[in-house]
Amino acid sequence: MNTVAQGGRAFYGARLGLLVRQTRFPRLPGDPANACSFPFSLRYAVLERADRATALAAAERLLDEGAEGVGLAFNATFDLADALDAPFAGSLAAQQRLIKAMLPPDAVLGVLAFSGDDGRIAAPGYLADAAAADEAKLDLERARDSLLAAARGAIADHPAIAAWLLHEPEMGPFASDLRAATALPVYDRTRFLTWFHASLVPRVFPR
C-alpha cells in the first residue's frame, strides 16, 4: 500500500510557535528566546510591538503556516487563549498553580521576579537592570551572582521556601546555578514550554 504525504502547510516539523519581543538583550541558552534551549524544533515570530493586537496577528500567522500550538517567550499583560483555535501557553499562572499543588501544605513557592508585585519576590540588581535597559552585553557572572543573592536573601526571610519559579525569562539560563546553590527544585518558562510541547508530540512507546 502506498503511503501518501499530506501537504497544505508552509513549514513542517516545528509544532510549537513562539512569540518573542524585538530586543537587543543577549538571549542565552535557557532563555525561551534562544532556540538551543529546547530539544525540539520550533518557529519564532518577532514582534515589533508587544501588544495584544500585534501578538494575535503573529500567532494566527504561525498557526496558518504550520504551528500546532503557540506560546509566549516573554511576560505579557494580555492572553490569547480565547482568540485562537489552538492551545496557547501564555501566563505562568497555570504553572504556578500546578507547582503549588505538588508542594506540602505549609511550603512556600518562591516566585523570583524583577519586581515584588503580586506576591513575587523581588530580585533587583545587575541582571534586572541589564534586562530593563535592554543592554546588548551581559556579564554572566554578575548576572548569576545577583540572582543568587536575591534567592539567598529570600530564604533568610522565608525559610519555608521549598521550590523556585523564575518569573522572568532572562533568569532561565541561571536555573542550574540556583538549583546548585539552594538544593531546591527550579521551574521557569522554558521548562513550562517544554512540557506544553510534549502535549503536541506525545512520545511513542514500543508495543
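Of all the heavy atoms in Ala107 and Ala162, the pair that sits closest is CB-CB, 3.7 Å. Between Arg179 and Pro185, the shortest heavy-atom contact is NH1-N, 3.5 Å. When all heavy atoms of Ala35 and Tyr44 are compared, the closest pair comes out as N-OH, 3.2 Å. Taking each heavy atom of Ala33 and Val20 in turn, the nearest pair found is CB-CG1, 4.1 Å. Closest approach of Pro124 and Ala128 over heavy atoms only: CA-CB, 4.2 Å. Minimum interatomic distance between Ala45 and Leu62 (heavy atoms only, all atoms of both residues): CB-CD1, 3.8 Å.
Between the side chain of Asp134 and the backbone N or O of Phe25, at least one donor-acceptor pair lies under 3.5 Å. Not one N or O on the side chain of Thr54 forms a donor-acceptor pair closer than 3.5 Å with the backbone of Ala50. In this structure, Tyr126 contributes its side chain and Asp139 its backbone to a donor-acceptor pair below 3.5 Å. Side chain of Asn75 to main chain of Ser91: no donor-acceptor pair is present (N/O by atom type, distance under 3.5 Å, no hydrogens or angles). Side-chain atoms of Asp188 never come within 3.5 Å of backbone atoms of Leu166 as a donor-acceptor pair (strictly under, hydrogens ignored).
In the hydrophobic clustering of this structure, Tyr187 does not group with Leu112; members are Ile, Leu, Val, Met, Phe, Trp, Tyr whose side-chain heavy atoms approach within less than 4.5 Å, directly or through other members. Linking ILVMFWY residues whenever their side-chain heavy atoms come closer than 4.5 Å, directly or via other members, leaves Phe11 and Leu16 in distinct clusters. No single ILVMFWY cluster, assembled from side-chain heavy atoms under 4.5 Å apart, contains both Leu165 and Val108. Clustering ILVMFWY residues whenever any of their side-chain heavy atoms sit less than 4.5 angstrom apart, transitively, puts Phe74 in a cluster other than the one holding Val46. Leu103 and Trp164 fall into different hydrophobic clusters, defined by Ile, Leu, Val, Met, Phe, Trp and Tyr side-chain heavy atoms under 4.5 Å apart, directly or through other members.
The shortest side-chain heavy-atom distance between Glu170 and Phe114 falls under the 4.5 Å cut-off. Contact check for Leu56 versus Leu84: side-chain heavy atoms found under the 4.5 Å cut-off. Proximity of Asp177 to Leu147: side-chain heavy atoms (C-beta onward) are nowhere separated by under 4.5 Å. Side-chain contact between Pro26 and Lys137: absent, with no pair of heavy atoms (C-beta onward) separated by less than 4.5 Å. With contacts defined as side-chain heavy-atom distances shorter than 4.5 Å, the pair Pro32/Ser37 does not qualify. Counting heavy atoms from C-beta on, the side chains of Leu63 and Val70 come closer than 4.5 Å. In this structure, Ile161 and Leu184 have side chains that are in contact, with non-hydrogen atoms separated by less than 4.5 Å. Two residues are said to be in side-chain contact when any heavy atoms from C-beta on lie closer than 4.5 Å; Leu127 and Asp145 fail this criterion.
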### Test log, rule side-chain contact (heavy atoms from CB on, under 4.5 Å), inputs Phe88 and Leu72
CA-CA 8 Å; Phe88 177 70; Leu72 289 177; 3.7 Å; yes
### Task
Could you give me the CA-CA distance, side-chain angles and deciding distance for Leu193 and Leu42, then say whether side-chain contact (heavy atoms from CB on, under 4.5 Å) is met?
CA-CA 11 Å; Leu193 291 168; Leu42 69 160; over 6 Å; no
### Task
Go through Leu148 and Leu178 one step at a time and tell me if the side-chain contact (heavy atoms from CB on, under 4.5 Å) criterion holds.
CA-CA 6 Å; Leu148 296 185; Leu178 184 58; 4.0 Å; yes
### Query
After noting the C-alpha distance and the side-chain angles of Leu28 and Leu140, does the key distance pass the side-chain contact (heavy atoms from CB on, under 4.5 Å) rule?
CA-CA 10 Å; Leu28 308 172; Leu140 302 188; 3.4 Å; yes
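Interatomic distance, OG of Ser176 versus CZ of Arg144, reported as 10.0 Å (0.5 Å rounding). Atom CG of Leu138 is separated from atom CZ of Arg24 by 12.5 Å, given to the nearest 0.5 angstrom.
Asp85 CG: 12 or fewer foreign heavy atoms inside a 6.0 Å radius.
Between Phe38 and Phe40, the two ring planes are tilted [angle within 30° to 60°].
Evaluation of the salt bridge (charged side-chain N to carboxylate O under 4.0 Å, His left out) test over residues 41-55, restricted to residues two or more places apart or in two chains, returns Arg43-Glu65, Arg49-Asp51, Arg52-Asp82.
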Which atom pairs, donor and acceptor, lie under 3.5 Å between side-chain atoms of residues 197-204 and protein residues at least two apart or in another chain?
from	atom 1	to	atom 2	distance (Å)
Ser199	OG	Phe196	O	2.6

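Glu168 has no carboxylate O lying under 4.0 Å from a charged side-chain N of Arg120, or vice versa, which leaves the two without a salt bridge.
In summary, of the residues considered (Asp31, Leu92, Thr194), a side-chain contact (heavy atoms from CB on, under 4.5 Å) with Arg189 occurs for Leu92 alone.
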